[in-house]
Protein chains: 2
Amino acid sequence: MKTLFVVGLGPGTPDCLTPQGRAALESAQVLCGYTTYLELIQGDFPGKEILTTPMTRELERCRMALESSAAGKTTAMVCSGDAGVYGMAGPILELAGEYPEVDIQVIPGITAATAGAAVLGAPLMHDFAVISLSDLLTPWETIEKRLDLAAQADLILCLYNPTSRRRKDHLRRACEIVLRHQGPQTVCGWVRCIGREGQESRVLTLEELKDEELDMFTTVFIGSSATENLGGRMVTPRGYQNKV
Amino acid sequence: MKTLFVVGLGPGTPDCLTPQGRAALESAQVLCGYTTYLELIQGDFPGKEILTTPMTRELERCRMALESSAAGKTTAMVCSGDAGVYGMAGPILELAGEYPEVDIQVIPGITAATAGAAVLGAPLMHDFAVISLSDLLTPWETIEKRLDLAAQADLILCLYNPTSRRRKDHLRRACEIVLRHQGPQTVCGWVRCIGREGQESRVLTLEELKDEELDMFTTVFIGSSATENLGGRMVTPRGYQNKV
């Protein structure tokens with residue numbers, strides 16, 4: 001059988017890559033992915049054939065990986081975080097029907113929601129939504145509607161792609177939508193370069209978050225009405241204290 | 001400094017535990033946790049002092065771990081999946097103020113949402129909500145409201161604790177709420193015993209999911225309006241195909 005692994009690297013450093021993911025990368029003859037992610041791990045896996053395309057050519061990259069597997073080379077497509085959360089597992093499986101001889105194995109990794117949460121404390125201890133603020137593939141109206149309903153549901157929000165070069169005001173607009181349902185003192189947090197050199201984080205209020213200038217390497221957390229700032233840590237109690 | 005690690009083991013087998021998590025467990029003198037999770041890893045970490053309590057005594061268990069660290073023994077509290085998603089990171093940080101001498105480090109693991117998604121295909125490729133159907137600590141009315149708004153937002157849903165001994169009809173009621181906003185043919189899936197012996201999974205329609213009899217070791221996925229069944233795999237296209 002011809003195999004294509006789709007591997008989530010986790011936040012970036014090798015100590016976040018699972019043994020299952022490492023075994024897949026070791027067994028692969030070809031590594032495929034966006035240059036930045038390949039650079040994070042390439043030193044650990046020398047002697048592999050490398051396939052890469054620029055950032056926006058996602059489908060082209062997926063097809064290269066499928067063609068490589070179909071040609072008989074065990075191939076691994078690498079993604080940062082988890083391959084199934086805004087990653088390459090989806091587009092590869094969309095194209096899979098054209099390559100019935102390739103066995104596709106998705107190997108999960110630690111996504112920014114849980115990696116970032118661990119840096120801030122425990123913000124995701126209760127029901128939460130993960131929403132991307134990128135309108136490259138999703139109409140902004142859809143994103144606004146989702147933010148509005150998720151905030152109304154009092155879900156904790158984890159925001160991916162909070163900003164981009166093209167649209168600087170996405171985060172501000174997202175905060176304004178959440179402010180329809182949550183107070184300005186709602187506890188929020190952000191983490192930049194999770195688990196990598198230069199990691200930064202801050203716990204702040206929703207009012208403060210609205211004016212924060214963040215970049216695309218940042219993951220943002222907006223608390224529910226239950227979320228607290230406990231000594232600088234962002235924590236959403238699940239309710240064990242009430243039970244006792 | 002006295003250290004308490006809070007470690008997410010991932011779905012269960014050692015090949016899903018990150019090197020970071022493994023290093024924490026190796027450096028710990030004391031391992032603390034619910035018996036079932038400790039049994040999954042105990043063989044790999046011999047010679048540790050073991051602290052355990054029955055399932056429902058969460059706060060007691062957290063306090064035991066904090067006391068152990070405060071007494072000078074490096075301690076690790078273990079959780080399945082990710083410690084910050086319905087796990088022990090929250091209650092430990094809620095009690096942390098009483099133990100200022102203990103340095104608490106949360107180490108993320110792979111949660112059932114992403115581990116289960118990888119088994120089914122790529123259901124979580126777009127915005128999603130994680131909601132627990134357990135009403136042990138959350139009023140059922142709150143859960144119903146969240147399901148209703150999340151389905152209205154056309155979020156993919158990942159449901160933890162879909163059933164319990166006490167309430168067998170939670171999943172059916174959740175499906176009925178989603179059916180207010182999504183069609184009966186909406187693509188769904190479930191995974192049982194993710195990454196462990198006896199793993200099972202199924203891709204099915206929302207109408208079929210309503211009548212499915214699942215147990216508490218199962219994670220359930222309900223697609224958005226965009227989710228497809230591609231050759232038996234549950235995939236939510238993100239829209240790369242439209243872009244080209």
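A, B, ... follow the sequence lines: proteins, then strands. Residue 1 opens every chain.
Rounding to the nearest 0.5 angstrom, the gap separating the CD atom in B:Gln152 from the CZ atom in A:Arg146 is 12.5 Å. We find the CZ-OG1 distance between A:Arg22 and B:Thr18 to be 11.5 Å, quoted to the nearest 0.5 Å. Here the CD1 atom belonging to A:Ile110 is positioned 7.0 Å from the CD atom belonging to B:Gln20, to the nearest 0.5 angstrom. Atoms CG and CE, from A:Leu137 and B:Met125 in turn, are 9.0 Å apart once rounded to the nearest 0.5 Å. Annotation: the span from A:Thr236 atom OG1 to B:Glu94 atom CD amounts to 9.5 Å, rounded to 0.5 Å. With rounding to the nearest 0.5 Å, the separation of OG1 in B:Thr142 from CG in A:Asp154 is 8.5 Å.
Chain B forms more heavy-atom pairs under 4.5 Å with one residue of A:Leu95, A:Thr111, A:Thr138 than with any other, namely A:Thr138. Chain B forms the most heavy-atom pairs under 4.5 Å with one residue out of A:Asp82, A:Val130, A:Leu93, A:Leu124, and that residue is A:Val130. Top candidate by heavy-atom pairs under 4.5 Å with chain B, chosen from A:Pro91, A:Ala117, A:Pro14, is A:Pro91. Options B:Ile92, B:Ile156, B:Leu155, B:Leu157 differ in how many heavy-atom pairs under 4.5 Å they form with chain A, and the most are formed by B:Leu155. Comparing A:Gln105, A:Glu228, A:Arg233 by heavy-atom pairs within less than 4.5 Å of chain B, the highest count is held by A:Arg233. Each of B:Gly109, B:Gly231, B:Gly8 has some count of heavy-atom pairs under 4.5 Å with chain A, and the biggest count is that of B:Gly109. Contacts with chain A were tallied for B:Gly87, B:Ala96, B:Ala150, B:Pro100; B:Gly87 has the most, counting heavy-atom pairs under 4.5 Å. In terms of heavy-atom pairs under 4.5 Å with chain A, the best-connected choice from B:Gly97, B:Cys16, B:Ala115, B:Gly10 is B:Cys16.
Of the two parts of B:Ile104, the backbone and the side chain both hold a non-hydrogen atom closer than 4.5 Å to a non-hydrogen atom of chain A. Both the backbone and the side chain of B:Val85 come within contact range of chain A, each with at least one heavy atom under 4.5 Å from a heavy atom of that chain. Contact annotation for B:Ala113: neither backbone nor side-chain heavy atoms come within less than 4.5 Å of a heavy atom of chain A.
Here the closest heavy-atom approach between residue B:Pro19 and residue A:Leu17 is recorded as CD-O, 2.9 Å. Residues A:Val106 and B:Ala118 share a closest heavy-atom pair of O-CB, 3.6 Å.
Crowding of A:Glu101 atom CD: a count of heavy atoms from other residues, nucleotides or ligands under 6.0 Å exceeding 12.
By the salt bridge (Lys or Arg N to Asp or Glu O under 4.0 Å) test, B:Arg173 pairs with B:Glu144, B:Asp169, sequence neighbours left out.
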